[in-house]
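Every number for a ligand or one of its atoms is a count from 1 in the order of the listing.
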Amino acid sequence: MIIIGEKINGMYKVVAKAIQAKDKSAIQKLAEEQVFASADYLDVNTGPASANPVEAMEWLVDTIQEVTDTPLCLDTTKPEVMEAGLKKCKCKAMINSTTGQEEKLNAFLALAAKYGAAIIGLAMDEKGIPQDAAARAEIALRIVTAAMEKGISLDDLYIDPLILPVNVAQPTAGHVLETLRQLKVLSDPPPKTVLGLSNISQGTEERELINRTYLVMAQGCGLDAAILDPLDSQLIDALITADLLLNKNIYCDSFLKAYRKK
Ligand code: THG
């Protein structure tokens with residue numbers, strides 16, 4: 001499982017404040033903690049309130065790269081903010097994200113090709129987020145085809161079926177699992193899959209339990225990567241255990257210790 005640390009997101013008050021105050025140490029601490037806790041990538045999102053998102057993205061990328069060479073997953077809907085971040089990245093980045101909407105898809109796929117970046121494609125388009133698994137898979141197929149036309153390797157493409165909070169969109173949890181299963185038989189090899197796990201528990205009670213339970217269910221359906229909170233150690237232990245039970249890692253008595261990446 002590829003772990004993308006979610007904590008450097010202006011959605012969090014500490015991060016929004018740090019961006020505003022240009023407080024490097026607050027961001028660098030979050031970067032180092034997540035890397036220590038097994039993150040393979042760090043998500044970088046300036047947040048909804050950022051007054052100058054281009055400047056904020058550049059500052060975040062520079063600030064993080066001062067303390068780690070862990071690859072970054074640049075999380076913005078704006079092509080100009082994405083390109084500003086990509087220009088600064090020293091490692092191969094991940095673009096988070098495009099949708100199936102044609103204009104957007106073309107703009108972001110062009111950036112992926114130009115900068116040699118991986119890219120996440122959300123299973124939504126100009127009509128919004130689809131109701132069922134079949135409609136999600138159809139948009140995913142459109143994104144896969146467009147990426148291949150642009151010469152982007154399937155290996156660099158991650159499809160996100162888009163999970164929503166269980167307290168407002170309960171049937172989505174099942175639709176997303178079904179989409180993950182369908183994507184696995186779309187092609188051989190199939191495109192990779194990713195989820196923004198914490199979405200599922202926004203505004204609910206027992207957030208950590210919901211995140212942890214859903215993650216292992218999604219792993220059972222073939223999920224390849226997740227944007228999640230790596231500082232939740234019980235979540236990481238569940239992830240490692242699910243990978244073991246899926247025969248992705250070999251059992252040894254100290255499997256938790258052995259498969260924690262740090
Ligand atoms: N897919 C993709 N990218 C994504 C998402 C996705 N990026 C953003 C998001 N969804 C994943 N990241 C988060 C980060 C934080 C939270 C949820 C998802 C979160 N934040 C607290 C909250 O809203 O309750 C903030 C609490 C605070 O202010 O401290 O839950 O789906 N490709």
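No salt bridge links Asp62 with Lys24; every basic N to acidic carboxylate O contact stays at or beyond 4.0 Å. Salt bridge annotation for Arg260-Asp237: present, with a cationic side-chain nitrogen under 4.0 angstrom from a carboxylate oxygen.
Separation of the Tyr259 and Phe255 ring centroids does not fall under the 6.0 Å cut-off.
Counting atoms of ligand 1 from 1 in the listed order, those under 4.0 Å from a heavy atom of Leu122 are 32 (N). Annotation for ligand 1: atoms under 4.0 Å from non-hydrogen atoms of Ser198 are 17 (C), 18 (C). Set against the non-hydrogen atoms of Arg207, the atoms of ligand 1 under 4.0 Å away are 19 (C), 21 (C), 22 (C), 24 (O), 30 (O). Against a heavy-atom cut-off of under 4.0 Å, Met11 is close to the following atoms of ligand 1: 15 (C), 16 (C), 19 (C), 20 (N), 23 (O), 28 (O).
Checking Thr204 against Asn167 by side-chain atom types alone, no donor-acceptor pair falls below 3.5 Å. Side-chain contact of Asp125 with Thr99: a donor-acceptor pair under 3.5 Å is absent, judged by distance alone.
In this structure, the protein non-hydrogen atom closest to atom 13 (C) of ligand 1 is Glu6 OE1, 3.6 Å. The nearest protein atom to atom 29 (O) of ligand 1, hydrogens excluded, is given as Tyr12 CD2, 3.3 Å; this is a heavy-atom distance. Of all protein heavy atoms, the one closest to atom 3 (N) of ligand 1 is Asn96 ND2, 3.0 Å. Among protein heavy atoms, the minimum distance from atom 9 (C) of ligand 1 is reached at Asn199 OD1, 3.6 Å.
Close N/O approach between Asn9 and ligand 1 is not found [any backbone or side-chain N/O within under 3.5 Å]. Backbone and side-chain nitrogen or oxygen atoms of Asp160 are examined, and one is located within less than 3.5 angstrom of a nitrogen or oxygen of ligand 1. In terms of N/O distances under 3.5 Å, ligand 1 is approached by Asp75. For the pair Gln202 and ligand 1, the shortest N or O to N or O distance falls below 3.5 Å.
Checked options Leu60, Asn96, Ile8, Val61; the residue passing with Leu72 is Val61 (criterion: side chain to side chain contact (heavy atoms under 4.5 Å, CB included)).
A distance-only check finds no donor-acceptor pair linking the side chain of Thr179 to the backbone of Ala137 [under 3.5 Å]. With Lys192 contributing its side chain and Asp155 its backbone, the two residues share a donor-acceptor pair below 3.5 Å.
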